Amino acid sequence: MTELPKARIATASLAGCFGCHMALLDIDERLIELMKLVEFDRSPLTDIKTFSHRCDIGIIEGGCCNEENVHVLRDFRRNCDILIGIGQCAIMGGLPAMRNAIMHSDEPLRECLEEAFITGRYIRNTTHNIPNDPALPLLLDEVYACSEVVEMDYHIPGCAPTGDVIYETLSSLLAGKFRGFEKEKIRFD
Amino acid sequence: MSTFRLTIDGVEIEASEGQTIMDAADAAGIYIPRLCDHEGLRHQGGCRVCTVKANGRSVSACTQPAEPGLTVDNETPHINKLRRDLVEMLFHEGNHLCPICEASGNCELQAMAYRLDMTAPTKFPYLEPCRPVDASHPDIALDTNRCISCGRCIRASQDVDGKGVFGYVGRGIHRQVAVNGPDLAHTDADISDFAISQEVCPVGCIIRKRQGFARPIGEREFDRNLIGHKINGKRDD
């Protein structure tokens with residue numbers, strides 16, 4: 001019997017806390033079952049920084065808060081057949097999107113950075129400058145959900161989703177049997 | 001009192017004069033989703049999540065009187081889609097960040113989203129309004145980012161507590177719940193008020209200080225069961 005070729009999975013953490021990647025490891029010993037079906041390409045888990053092949057599944061944690069996030073997300077869309085947003089940050093911006101609600105002035109980003117680095121009451125910043133190194137990716141005007149930047153195929157809700165939900169979703173997707181989530185398993189926290 | 005029969009989703013139930021469709025459904029163990037309606041408070045018909053088709057017409061089940069021979073559609077894919085749109089719009093109108101909210105797991109808005117399969121991003125834009133937090137009261141805080149203007153606190157304060165701590169201000173999309181004073185500390189609100197109790201605010205707007213996370217996330221009411229299970233449970237017994 002010839003073995004089926006393994007599905008290739010790539011993952012990335014954008015404007016997230018890495019909690020969803022930790023939750024991916026909460027699959028525990030079922031990871032061994034999963035690894036029989038998949039191999040990891042570009043991912044913080046493998047420390048591979050660029051795509052070596054086209055991938056079947058891309059898993060995105062976090063939304064887009066800076067230009068690097070947008071580049072990575074577009075790269076994933078170009079190189080993955082199916083793109084899955086995992087966690088509330090990828091779905092709706094999550095906690096980083098809290099800054100959207102306080103930025104309603106004419107120059108909101110400048111005000112936000114000035115308060116964070118210069119004028120804030122508890123700031124000890126001896127340079128009195130907003131960090132401006134060319135290596136720092138530029139912040140976007142707002143935090144965007146992944147679906148506002150590229151077309152996303154699936155979303156796994158949760159903060160973070162449990163290992164059970166991630167495992168069940170991935171294994172049913174790989175088997176071509178994914179039909180949405182049971183209501184009892186949907187969580188936003 | 002005269003009783004009569006009507007059908008909800010093909011199930012014949014008994015109702016009596018003066019009952020709304022929702023009263024009759026509740027008594028028969030059929031759950032109709034609702035947010036602004038709450039047991040013990042007068043009906044408002046504001047959120048429209050309880051919209052049903054009664055003889056083909058869309059009505060809010062919490063205010064529409066039950067009538068003999070009425071045919072009511074409740075859990076149809078079409079109606080649930082409309083309800084999901086309403087709940088999504090409530091999420092988009094305020095700043096609802098479940099991961100950091102103390103009410104997560106006890107929140108009826110969140111639980112309604114679970115029940116209505118709200119799992120993917122939507123076509124609606126996020127309004128991301130700039131709303132204040134009022135922590136002036138020694139025992140109570142108000143995080144109005146989470147308010148859905150259901151008015152349950154208004155009715156509880158006026159009708160049950162006899163106080164009128166809360167009320168609506170503004171019109172149209174600018175209508176908001178406000179307190180009767182410069183801030184909550186300058187009203188006669190008290191932690192023992194029914195309006196302040198956990199069951200009245202469906203979301204995490206009214207916060208009782210020093211009581212947070214008494215029950216951990218994951219073990220809360222809607223972590224254990226879908227919203228409506230108590231009413232649906234009556235029918236299974």
Side-chain angles (χ1 to χ4, degrees), chain A residues 16-17 19-20 23 60 62-63 83-105 108 111 141-162 164-165 169 178-189, chain B residues 31 33 75 80 84 87-88 91-107 109-133 143-146 203-204 213 216-220 222-229 232:
Chain A
C17 68
C20 293
I60 302 287
L83 215 48
I84 306 174
I86 177 172
Q88 292 306 106
C89 299
I91 294 174
M92 48 74 75
L95 298 202
M98 284 179 82
R99 83 163 150 103
N100 297 358
I102 56 169
M103 304 203 331
H104 288 290
S105 67
E111 275 180 25
D141 60 339
E142 279 190 11
V143 177
Y144 294 91
C146 290
S147 62
E148 293 179 281
V149 179
V150 297
E151 180 84 27
M152 301 293 289
D153 300 298
Y154 297 99
H155 292 91
I156 306 179
C159 181
T162 60
D164 291 343
V165 167
T169 310
F178 182 70
R179 296 285 179 273
F181 300 94
E182 290 171 44
K183 290 180 199 300
E184 287 79 5
K185 298 226 169 113
I186 301 171
R187 290 287 177 274
F188 297 161
D189 58 17
Chain B
Y31 178 70
E75 296 266 1
N80 277 336
R84 187 165 67 239
V87 170
E88 280 173 356
F91 267 89
H92 286 238
E93 195 178 54
N95 296 309
H96 297 279
L97 292 149
C98 299
I100 55 148
C101 183
E102 204 283 320
S104 187
N106 291 324
C107 172
L109 179 70
Q110 182 193 55
M112 200 59 75
Y114 295 166
R115 188 185 170 97
L116 298 170
D117 286 320
M118 196 186 105
T119 55
T122 60
K123 56 190 178 293
F124 306 119
Y126 281 98
L127 299 189
E128 291 159 345
C130 198
R131 292 200 195 149
V133 176
D143 186 345
T144 57
N145 288 287
R146 302 166 184 166
V203 289
F213 296 99
I217 301 269
E219 295 177 15
R220 297 175 170 200
F222 304 121
D223 291 330
R224 294 170 182 276
N225 289 294
L226 275 185
I227 190 167
H229 70 95
N232 276 337

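What you see is a predicted model, and the numbers here were worked out from it, not measured in a lab. So that the names make sense, note that chain A is the first sequence line, chain B the second, and so on, each numbered from 1.
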Next item on the list: Quick one: which of B:Met118, B:Arg224, B:Arg131 has the most heavy-atom pairs under 4.5 Å with chain A, could you say?
Entry: B:Met118
Item checked: Under 3.5 Å donor-acceptor, B:Asn95 side chain and B:Pro129 backbone -> yes
Margin query: With chain B as the partner, which of A:Met152, A:Arg187, A:Gln88 has the greatest number of non-hydrogen pairs under 4.5 Å?
Written below: A:Arg187
Notebook entry, point to check: B:Thr119 and A:His155: side-chain donor and acceptor closer than 3.5 Å?
Noted result: no
Note to self: Less than 4.5 Å to any heavy atom of chain A: does that hold for the side chain of B:Asn225, its backbone, both, or neither?
What the structure shows: neither
Check: Do the ring centers of B:Phe91 and B:Tyr126 come within less than 6.0 Å of each other?
Finding: no
Checklist line | Spacing of CZ belonging to B:Phe222 relative to NE2 belonging to B:His229, to within rounding of 0.5 Å | finding: 6.5 Å
Notebook entry, point to check: Picking from B:Cys107, B:Ala120, B:Ala113, B:Cys98, which has the most non-hydrogen pairs under 4.5 angstrom with chain A?
Noted result: B:Cys98
